[in-house]
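It should be emphasised that the depicted structure is a prediction, and the values quoted were computed from it without experimental measurement.
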Amino acid sequence: MTETVNWRKSSYSGGGDGNTCVEVAPLRTRVAIRDSKDPSLGMVTVPVGSFTALVQSLKTTSAS
């Protein structure tokens with residue numbers, strides 16, 4: 001059985017057409033990440049816990 005991948009672009013997408021960021025898609029046990037400018041380049045997946053830690057770190061850094 002193949003998982004359905006529902007890509008989501010950040011609300012912080014910059015630039016004129018809003019495609020200058022990454023897209024993420026939740027999977028069952030991982031998070032998929034790809035370049036929104038060229039999704040044909042493929043994707044990388046990371047464990048959910050690692051992705052959560054990254055996002056929390058970015059939030060902490062930007063709040064400083």
Side-chain angles (χ1 to χ4, degrees):
M1 183 176 197
T2 304
E3 280 187 77
T4 301
V5 180
N6 295 309
W7 293 102
R8 182 175 66 87
K9 193 180 301 185
S10 169
S11 60
Y12 290 98
S13 297
D17 57 8
N19 68 353
T20 56
C21 72
V22 296
E23 293 173 316
V24 297
L27 304 175
R28 190 176 6 235
T29 61
R30 302 180 71 79
V31 175
I33 306 165
R34 71 180 181 184
D35 183 345
S36 63
K37 293 180 298 298
D38 196 351
S40 66
L41 292 175
M43 66 179 168
V44 63
T45 65
V46 296
V48 172
S50 297
F51 183 77
T52 302
L54 171 65
V55 171
Q56 289 302 319
S57 175
L58 293 171
K59 286 180 179 180
T60 301
T61 301
S62 66
S64 300

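Taking both residues in full, the closest heavy atoms of Ala25 and Trp7 are given as CB-CE3, 3.6 Å, listed atom of the first, atom of the second, then distance.
Under the 3.5 Å distance criterion, the side-chain polar atoms of Ser36 are matched with a main-chain donor or acceptor of Cys21. Under a 3.5 Å cut-off, the side chain of Thr60 and the backbone N or O of Gln56 do form a donor-acceptor pair.
Looking at heavy atoms from C-beta onward, Leu27 lies in side-chain contact with Val5 at the 4.5 angstrom threshold.
For Arg30, the salt bridge (Lys or Arg N to Asp or Glu O under 4.0 Å) test picks out no residue, with sequence neighbours left out.
Follow the hydrophobic side-chain contacts under 4.5 Å out from Val46 and you reach Val22 in the same cluster.
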